[in-house]
Number of protein chains: 2
Amino acid sequence: MSNISQEDYLTAIYRNLDEAGEIKPNILASKLDISNAAVTDMLRKLSRDGFVDYQKYKSVRLTNEGELYAKNMLRRHRLWEVFLNQTLGMPWDKIHDEAEKLEHSSSDELINRLEKFLKYPSIDPHGYPIPDKNGKIKKTKSVKAITEFNINDHLIVIRVNDDVKNLISYITKIGITLGKKILIKDKLEYDSSIILMIGNKEINISYKIASNIFAEKIKR
Amino acid sequence: MSNISQEDYLTAIYRNLDEAGEIKPNILASKLDISNAAVTDMLRKLSRDGFVDYQKYKSVRLTNEGELYAKNMLRRHRLWEVFLNQTLGMPWDKIHDEAEKLEHSSSDELINRLEKFLKYPSIDPHGYPIPDKNGKIKKTKSVKAITEFNINDHLIVIRVNDDVKNLISYITKIGITLGKKILIKDKLEYDSSIILMIGNKEINISYKIASNIFAEKIKR
DNA sequence: TTTAATTTTTAAGCGTGCTTAAATCTATGG
DNA sequence: CCATAGATTTAAGCACGCTTAAAAATTAAA
Ligand SMILES: [Mn+2]
Ligand SMILES: [Mn+2]
Ligand SMILES: [Mn+2]
Ligand SMILES: [Mn+2]
């Protein structure tokens, strides 16, 4: 394919499929931050090229080929993130944007060599699993957004959505990283925000932010 | 700038300036393998953006800004080549095409970190010098194309042009690498080709190829 | 079920980077 | 110095990926 935009569309589609494995052009447009009209346009091209199943006014699904392509893009993206963070020491809130470009500029051979050099990591620096060269993704711990836990639950942060502008910079500032232990102190009714104990600090985060931080319950 | 084509134009211009520091649109078109018309078009844009000095029907020169930009692109390109070859073990005849893409997808910060990781290499795997972050290029040994030496000269290969399609694959096949010692056995009049001793083999290479292999004379 | 709101598509337009064909300029050599 | 070959530019056109505005289809609400 060799096309930056198309590749980003496929990844965005894959990452935002609903429970039925579909996505509305609508959603896609807002995730990609472009107009609905542009999405319609591109969907016709992606359909023509066999990457999506698409009919006017209907939701979109990926074909097998489209899904494989999307997973390969995630593989490239996440391996680059590991490299940038682990090998080059670039901070975890800067690597996503960088990988967003590199993912389109690397052959499979390069990626396979990179994977070997990195010793076959299974997750990226934000906690997302890295597909293998056949598109297979290791089963991961079942995590839930921290909005779904209860008051007084002790949690350990397992994953953070890397796809939301400035989110990672923000949560870094309030002291959250992967593996951090936090406590749900309170859940406010009127705006659905959540009060967390992080270290010895109480911090109020919005529902929106909380829904992009994924964790696991721990004993204490 | 953030533009693949424009970046490749600047690099191509820089690499092919004549003794007067200029280049004809003509030459540029053939180096980039596109039409003269396309070059005219782009020169207007590069001029508008302050990267080249250009007037209709005249040769082109780089502005200071254009030259700096071009050298930064070479820096990116060559550091990636070192990484690909040295760190990932990718063969030296495959790294150029790969770097040709990566060079457009990496921030200065990434490149600076990469340079540090690679321990500040001074030449790339084809023998070209790597500009530092200020665009400064270390003086290199004065090399000449092997067409310029004489019969019975013993040479050591210092640099190979990485910009000629398939050249490196070819010379690899006949046993030439950086540091290889070769002997000029004969120079044929009628087609200007050159007969080399490489190891214990006699090999005839065309003038065209010979003019892209650079070497230094050695005692024996 | 009829209307209103929302989503989606169509239409027209724009910048980029390329093409080929035609026009025009420049350099050269007789 | 003038004809002509070669280099360069102009013109028209195309695919891409986006935009805004308008039209059409779908969905939700009353
Ligand atoms: Mn990411
Ligand atoms: Mn991307
Ligand atoms: Mn190269
Ligand atoms: Mn390039």
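These numbers come from the heavy atoms of this one structure, side chains and all, not from hydrogens, waters or symmetry mates. Chain A is the first sequence line, chain B the second, and so forth, proteins listed ahead of strands; every chain is numbered from 1. None of these values were measured; they are calculated from a predicted model.
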Table please: side-chain donor-acceptor pairs of residues 33-46 of chain B below 3.5 Å, with sequence neighbours left out.
from: B/S35; atom 1: OG; to: B/A38; atom 2: N; distance (Å): 3.1
from: B/T40; atom 1: OG1; to: B/N36; atom 2: O; distance (Å): 3.3

Item to complete: Can you sort out the partners of B/K116 under salt bridge (Lys or Arg N to Asp or Glu O under 4.0 Å), two or more places apart, ordered by chain and number?
Response: none
Fill in: Annotated protein contacts, base or backbone, on nucleotides 21-29 of chain D with a non-hydrogen cut-off under 4.0 Å, one of B, S, - each
----SS---
Worksheet item: Base, sugar-phosphate, or nothing: which does A/N26 touch, judged by heavy atoms less than 4.0 Å apart?
Response: sugar-phosphate
Worksheet item: Got a sec, which pairs hit side-chain hydrogen bond (donor to acceptor under 3.5 Å, both in side chains) with one end in residues 132-148 of chain B, sequence neighbours left out?
Response: none
Worksheet item: Any side-chain donor-acceptor pair under 3.5 Å between B/D8 and B/H104?
Response: yes
Worksheet item: Considering residues at least two apart in sequence or located in another chain, which fulfil the side chain to side chain donor-acceptor pair (under 3.5 Å) criterion with B/R75?
Response: B/N112, B/E115
Worksheet entry | Net bend of the helix from C/dT1-D/dA30 to C/dG30-D/dC1, end axes of five pairs each, nearest 10 degrees | 10°
Discussion item. Give me each pair satisfying ring pair (Phe, Tyr, Trp, His ring centres under 6.0 Å) with a member in residues 124-143 of chain B, each pair once, sequence neighbours excluded.
Written reply: B/W92-B/H126
Item to complete: Taking salt bridge (Lys or Arg N to Asp or Glu O under 4.0 Å) as the test, write out the residues that go with A/K58, two or more places apart.
Response: none
Worksheet entry | Under the salt bridge (Lys or Arg N to Asp or Glu O under 4.0 Å) test, residues paired with A/K24 that sit two or more places apart | none
Worksheet, complete the sentence: Residue set satisfying salt bridge (Lys or Arg N to Asp or Glu O under 4.0 Å) with B/D97, at least two apart, ordered chain then number -> B/K165
Item to complete: Apply ring-ring contact (aromatic ring centres under 6.0 Å, His included) to A/F83 and list each qualifying residue two or more places apart in sequence or on a separate chain.
Response: A/W80, B/F83
Filtered N/O pairs between nucleotides 12-16 of chain C and protein, under 3.5 Å:
none

